[in-house]
Amino acid sequence: MLGAYLTDPGRRGLGLKDQVFQRLGIVMTPISQLIGTGSKMISMAQVPIRLAADYAGADADMTLRLVEPIKSELRRHSLMNLYNSIELPLLPVLLKMEMYGVALDAAFLAELERTLAEQIRVLEHEIYDTVGHHFNINSTKQLGDILFGELKLPSGRKTKTGYSVSADVIESLRGKHPMVDYLLEYRQLTKLKSTYVDGLLALMDPLTGRVHTSFNQTVASSGRLSSSNPNLQNIPVRTEVGRQIRRAFIADPSFVLLTADYSQFELRILAHITHEPRLVEAFSKGEDIHTITAASLFNIPVAEVTKGQRRLAKTVVYAVLYGQSAFGLAQITGMSNSEASEFIKRYHETFPNIKGYVDSTLNQARIQGYVNTLFGRKRFFPEMRTLAFNERLALEREAINMPIQGGNADLIKIAMIRIQNELEKRKLKTRMILQVHDELVFEVAVEELERVKRLIKGMMEGVARLDVPIKVEMKVGRNWYEAEPME
DNA sequence: GCAGTCACG
DNA sequence: ACGTACGTGACTGCG
C-alpha cells in the first residue's frame with residue numbers, strides 16, 4: 001500500500017515495490033511454485049503447514065524490509081502528508097466495509113437467474129433461425145463472419161483481429177436484418193446473467209448471505225479506489241432491466257439502505273480549481289449547471305432549454321473535461337464534426353478559464369514531470385516531447401483529467417474517514433458498506449435514520465471549503481434499486 | 001494470457 | 001498526418 005502513490009500502477013514500468021526489490025536484489029518465489037502446483041489455484045488451507053509458515057514468515061520479513069526505502073521515496077516526493085492524513089487512516093475504514101459486506105437477496109437472484117436463462121434460450125433460437133444454422137454467438141470471430149461474410153451486412157470499424165462487432169456497430173445495422181434486435185438483447189441479457197446474477201451468487205457467503213468485495217487502494221493512477229471479487233462499483237443502473245439487479249442488494253431486517261451522492265462533484269472541483277466565474281456563479285446560486293450550459297451553447301433563454309439540449313450540454317461538458325476531440329464528440333452524439341467543434345468552441349467562450357486550466361496543467365506535466373490534486377496526490381508523466389503524436393495526446397488527456405478525478409477521490413476519502421470515526425464515536429449501529437467514486441452507501445438502523453442522515457450529509461458537504469458549495473443528495477430504500485438517486 | 005466486449009463513475 | 005474521452009473489473013473465446 002505504502003508505495004502506490006509514487007508510480008503509475010498498471011501502466012508503465014515497475015511498481016515501487018518491485019523497484020525496491022530489484023535494488024535490494026530480492027526475488028520472491030510464488031507459493032504455487034514452491035509446492036509445484038504450477039498455475040493451478042489451490043486454497044492456502046491445502047498448503048503443507050511447514051511451507052505455509054516459511055512463506056508467511058518471508059512475506060512479513062519482506063514487507064518490513066520495504067518500509068524504510070518506500071518511506072524515503074514518499075518523503076522525497078512530499079507525499080508523507082497524503083499518506084498520513086488520508087491513505088493510512090482510510091485503510092481500517094476499507095477493512096471494515098469489506099468485513100461488513102452487503103446482504104444479497106438470494107431467492108430474488110435465483111428467480112432472476114431462471115427468468116434470464118429462459119429469455120436467453122428463446123433469443124438464441126431466434127438468432128439461429130434468422131441465420132439458418134447454429135454458431136457460437138459469443139465468439140466475435142464467428143459472429144463477424146456471419147454478419148459481414150454470410151449475410152453481407154455493411155461492416156464498420158475493424159479491430160486488430162477482424163471485424164468489430166461491438167454494440168455501436170451492431171446498433172447501426174438495426175432494421176437491416178432481423179437478427180440485429182435479437183442480438184443486442186441477447187448481449188444485454190447474457191451480460192446480466194453471467195457477470196451479475198451468476199457472478200454474485202458464486203461469491204456470496206452461503207452462511208451469512210452477504211458478499212464481501214475487495215476495495216483496492218493502490219490500483220488506480222488517479223487515486224480512486226477500485227473494487228473486485230465482486231466489483232460492486234459497476235452494478236447496472238443505466239437501463240431498466242439492468243437496474244433490476246440492484247433489487248438484490250438489501251438491508252438486514254430493521255435496517256434500510258441509504259445512498260449519499262455528491263452532486264456534479266467533478267464539475268464543482270473544476271469550478272474551484274479554475275475559479276471560472278460563470279461556473280462558480282451558477283453553483284453558488286444553486287442553478288442547474290447543465291441547463292445553464294445548454295442555454296449558453298444554444299444561445300437561448302434558460303427557460304427554453306429542452307431535456308435533449310440539457311443532455312447534450314452535459315455530454316459536451318464532460319467531453320471537454322476529458323479532452324475529447326470534435327471527432328469523438330461527433331461519434332457519440334451523432335452530430336457532424338463541424339457541429340461538434342462549434343459546440344466545443346462555444347463552451348470555451350462561455351467558460352473562458354477552462355482553457356487556462358488545460359494549458360497550465362499541461363505545462364506542469366511537461367516542466368515538473370507530474371500533476372497533482374488539491375491534496376498533493378501526484379501522477380507522474382514521462383518525457384512527453386519524445387513521444388509519438390497520438391501517444392502524447394493520450395498522456396495529455398490523462399494529465400488534464402487527473403487533478404479533477406483525483407481531487408474527487410481525495411475528498412470522498414476524507415469524508416469516509418470522518419464518517420466512520422463519527423459512527424464509531426457515537427456507537428451507532430449504522431455501517432458504511434460501499435463507495436462508488438462519488439457515492440457512499442450505508443446500512444442504517446431504522447431508529448437511527450434521521451440522525452444519521454443529518455450527520456452524513458453534514459460531514460460530506462462539509463468535507464472542505466471550496467469556491468462553490470458542495471451538494472449531497474440522499475435516498476433511502478429497502479434495497480439499492482429503491483435507494484438509487486436520480487440523475 | 002491477450003483481445004474484444006460491456007458494466008459503472 | 002494521426003486517431004480520436006478519463007478511470008476501472010469481469011466474462012468469453014481463442015491461440
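Quick note on labels: first sequence line is chain A, next is B, and so on, each numbered from 1.
Note on A/Asn234: every side-chain N or O is 4.0 Å or more away from OP1 and OP2 of C/dT8. OP1 or OP2 of B/dA7 has not a single side-chain nitrogen or oxygen of A/Lys191 nearer than 4.0 Å. Considering only side-chain N and O atoms, A/Arg397 lies under 4.0 angstrom from the phosphate OP1 or OP2 of C/dC6. For C/dG9, the OP1/OP2 oxygens have a side-chain nitrogen or oxygen of A/Ser226 closer than 4.0 Å. Remark: A/Thr161 is not in phosphate contact with C/dC14, judged by side-chain N or O atoms under 4.0 Å from OP1 or OP2. In this structure, A/Ser227 does not reach the B/dG9 phosphate: none of its side-chain N or O atoms is under 4.0 Å from OP1 or OP2. Under 4.0 angstrom from either OP1 or OP2 of B/dG4 there lies no side-chain N or O belonging to A/Asn138. Put simply, A/Gln405 has no side-chain N or O that comes within less than 4.0 Å of OP1 or OP2 on C/dT8.
Between A/Tyr318 and A/Tyr322, the ring planes are tilted. Angles from 30° to 60° get that label.
Proximity note for A/Lys141 (side chain, C-beta onward) versus C/dC14, C/dC11, B/dA7: the nearest is C/dC14. Closest to the A/Ser221 side chain, of the nucleotides C/dA10, C/dT8, B/dA7, is C/dT8. Checking C/dT12, C/dA5, C/dA10 against every side-chain atom of A/Ile332, the shortest atom distance belongs to C/dA5. Listed nucleotides C/dT8, B/dC8, B/dC6 differ in distance to A/Arg246; the shortest reach to its side chain belongs to B/dC8. You'll find that the side chain of A/Thr159 is closest to B/dT5, out of B/dT5, C/dT4, C/dT8. Nearest to the side-chain atoms of A/Ser194 among the listed nucleotides C/dA5, B/dT5, C/dC11 stands C/dC11. In this structure, the nucleotide among C/dC6, B/dT5, B/dC8 sitting nearest to the side chain of A/Arg238 is B/dC8. Closest to the A/Pro236 side chain, of the nucleotides B/dG4, C/dG9, B/dC8, is B/dC8.
In this model, no side-chain donor or acceptor of A/Arg379 finds a partner on the base of C/dG7 within 3.5 Å. Within 3.5 Å, a donor on the side chain of A/Ser325 pairs with an acceptor on the base of C/dT4, or the reverse.
Looking at heavy-atom distances under 4.0 Å, A/Asn136 makes contact with sugar-phosphate atoms alone, never a base. Contacts of A/Arg224 with the nucleic acid, taken as non-hydrogen atoms under 4.0 Å apart, include base atoms. Residue contacts for A/Val237: at a heavy-atom cut-off of 4.0 Å it reaches the sugar-phosphate backbone alone, with no base atom in range. If you check every strand for non-hydrogen atoms under 4.0 Å, A/Ala388 touches nothing. Residue contacts for A/Glu266: at a heavy-atom cut-off of 4.0 Å it reaches no nucleic acid atom on any strand shown. Across all strands shown, A/Thr190 has no heavy atoms under 4.0 Å from either base or sugar-phosphate atoms.
A 6.0 Å sphere centred on CZ of A/Arg366 holds more than 12 heavy atoms belonging to other residues, nucleotides or ligands.
Look at the P atom in both B/dG4 and C/dT4: the space between them is 12 Å, to the nearest Å. Rounded to whole Å, the C1' atom of B/dA7 lies 25 Å from the corresponding atom of C/dG3.
In this structure, CG of A/Asn229 is placed 9 Å from C1' of C/dG9, rounded to the nearest angstrom. Distance CD (A/Glu398) to C1' (C/dT8): 13 Å, rounded to an integer number of Å. Atoms CD1 (A/Ile120) and P (C/dC11) sit 14 Å apart, rounded to a whole Å. The distance between atom CG of A/Leu143 and atom P of C/dC11, rounded to the nearest whole Å, is 21 Å. Atom CZ of A/Arg187 and atom P of C/dG13 are 12 Å apart (whole Å). Residue A/Leu225 contributes atom CG, which lies 14 Å from atom C1' of C/dG9 at whole-angstrom precision. For A/Lys160 and B/dT5, the NZ to P distance is 12 Å, given to the nearest whole Å. The nearest whole Å value for the distance from the CD atom in A/Glu484 to the P atom in B/dC8 is 10 Å.
Each of A/Asn390 and A/Ala394 was matched to the nucleotide of DNA chain C holding its nearest heavy atom; the match closer to the 5' end belongs to A/Asn390.
A/Tyr347 has its ring centre less than 6.0 Å from the ring centre of A/Phe351. A/Phe380 and A/His77 have their aromatic ring centers within a separation under 6.0 angstrom.
Put simply, CE on A/Met402 and OG1 on A/Thr373 are 5.5 Å apart, with the number rounded to the nearest 0.5 Å.
By the 5.5 Å and 30° criteria, A/Tyr322 is stacked with the base of C/dC6.
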Verdict with supporting geometry, A/Leu143 and A/Tyr163, side chain to side chain contact (heavy atoms under 4.5 Å, CB included): CA-CA 9 Å; A/Leu143 184 60; A/Tyr163 302 111; over 6 Å; no
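Base pairing of C/dA1: no nucleotide in any strand meets the Watson-Crick or G-U wobble criterion (both distances under 3.5 Å).
For the residue pair A/Ser214 and A/Asn216, no side-chain donor N or O sits within less than 3.5 Å of a side-chain acceptor on the partner.
For the side chain to side chain donor-acceptor pair (under 3.5 Å) test with A/Asn372, the passing option among A/Gln364, A/Arg377, A/Arg379 is A/Gln364; the others fail.
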